[in-house]
2 protein chains.
Amino acid sequence: MSPVDSPDLHDDLGWSLGVLLRSYRDRVTAALGEFPHGTRGYEALAAVLRGGHDSQLSLAGHLGIDRTVMTYLVDDLEAEGLVERKPNPADRRQRQIVVTDRGRALLESACDRVVAAQDEVLGALAAPERAALRSLLNKAATATGDDESREAAGAGTGLSS
Amino acid sequence: MSPVDSPDLHDDLGWSLGVLLRSYRDRVTAALGEFPHGTRGYEALAAVLRGGHDSQLSLAGHLGIDRTVMTYLVDDLEAEGLVERKPNPADRRQRQIVVTDRGRALLESACDRVVAAQDEVLGALAAPERAALRSLLNKAATATGDDESREAAGAGTGLSS
DNA sequence: TATTGTTATACTCTATAACTATA
DNA sequence: TATAGTTATAGAGTATAACAATA
């Protein structure tokens, strides 16, 4: 089989993901306006509000960033009064990130615009197709994320690279 | 509706895309080995072989990178003997990028490994789900790419940001 | 000894602007 | 005057290592 006939050349997964992620970042960043750290800050705040992350390291793993980057990110979110660092009584090495009322309000006000921007990203797809795509993406990404979490638990952070 | 109940928090498009693209880059980069510029170099070479790009600028638009980055990328691909720059007789400002025999051979040898790595990225999905996801991604990305091309034709490169 | 978070340093990548040559 | 390609510079982002506090 010649390379030109190969499926990955005609249906390039990396290219599709890259194009869509770029479109997502451009549109959602514009929709967010002044939001600190743009889409990353938004996703961090949303993940904290969703719960399940009892340390900065856990949150960093979820977002796929290094713990050193997480420090700067939380610094800036805290400086804007959107989150607070609370020491975890169960393990005083950890800091629990909690969303302030101001952070919650900002997230709420941004929410509708973000959803609209996301729909623009998938503008070529009909509503049922969008739902199917989001569901499949979520399923594939969640499994991958779990893999990474397991690796992270085993050796180092499992991040970066 | 509270932010926590909002669809974009439970089914976060940006997060899914980011996780999958990261997984794609990690696995495919490992599969490619010494390939110059990793996944970007591979995608560039594949796009050239697929045809339809008669200038570096056109190729840069397809890959979503700036023309200045494209110069360095082509420099290194050419230094490795994978492509050649040929002046376009129709417009001598443009350089046509053509794949050498060596480039074609390298791409061919990498092809199978890349396909296998891509399947690992979507490891959580059954075969029909993978096909559906790739198809939907391709459809959404192609439309977005077309949008960008139109914008690019209108004003500047339409890239970066 | 290992882990969480922080800080400092070096490196990579990218954005911007200037320049050449062609149109 | 505008575009394709190149080059140089500055900035943003990232990785790495070292450190303090806690387990």
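In what follows, chains carry the letters A, B, and so on, assigned in the order in which the sequence lines appear, proteins first and then strands, with residues in each chain numbered from 1.
- In the set C:dG5, D:dG5, D:dT7, C:dG5 carries the atom at the smallest distance from any side-chain atom of A:S55.
- We find that CZ of A:R85 is positioned 8 Å from C1' of C:dG5, with the value rounded to whole Å.
- When each of A:T68 and A:P89 is assigned the nucleotide of DNA chain D bearing its nearest heavy atom, the one mapping closer to the 5' terminus is A:T68.
- Within the nucleic acid shown, B:T71 comes within 4.0 Å of at least one base atom, counting heavy atoms only.
- Summarising the geometry, the separation between CG on A:L57 and P on C:dT6 is reported as 11 Å, rounded to the nearest angstrom.
- A:R40 has a side-chain polar atom (N or O) that falls below the 4.0 Å cut-off from OP1 or OP2 of D:dT14.
- On a pure distance criterion of 3.5 Å, no polar donor-acceptor pair joins the side chain of A:R93 and the base of C:dG5.
- Between the CG atom of B:D75 and the P atom of C:dC13 there is a distance of 15 Å, given to the nearest Å.
- The CH2 atom of A:W15 sits 15.0 Å away from atom CZ of B:R40, with the distance rounded to the nearest 0.5 Å.
- Put simply, the side chain of A:E84 does not reach to within 4.5 Å of the side chain of A:I97, judged on heavy atoms.
- In the interface, the side chain of B:R95 is not paired with the base of D:dG5 through any donor and acceptor atom under 3.5 Å apart.
- Put simply, CZ on B:R67 is 14 Å from C1' on C:dT22, counting in whole angstrom units.
- The residue among A:Y72 and A:Q96 whose nearest nucleotide of DNA chain C is located toward the 5' end is A:Q96.
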> Yes or no on side chain to side chain donor-acceptor pair (under 3.5 Å) for A:Q56 and A:R85, after CA distance, side-chain angles and deciding distance?
Replying inline: CA-CA 9 Å; A:Q56 292 186 190; A:R85 279 186 244 239; 3.0 Å; yes
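- At C:dT6, one or more side-chain N or O atoms of A:Q56 fall inside 4.0 Å of OP1 or OP2 (strictly under the cut-off).
- Remark: the backbone N or O of B:G33 is not paired with any side-chain donor or acceptor of B:R113 at under 3.5 angstrom.
- Nearest to the side-chain atoms of B:D66 among the listed nucleotides C:dA15, D:dA18, D:dG5 stands C:dA15.
- We find that NZ of B:K86 is positioned 20 Å from P of D:dA4, with the value rounded to whole Å.
- A donor-acceptor contact shorter than 3.5 Å links the side chain of A:T142 to the backbone of A:N138.
- Protein atom CG of A:L59 is 16 Å distant from nucleotide atom C1' of C:dT6, rounded to whole Å.
- Computed from coordinates, the B:L73 CG to D:dT6 C1' distance equals 14 Å when rounded to whole Å.
- OP1 or OP2 of D:dA20 has not a single side-chain nitrogen or oxygen of A:R92 nearer than 4.0 Å.
- In this structure, the CE atom of B:M70 is 12 Å from the C1' atom of D:dG5, given to the nearest Å.
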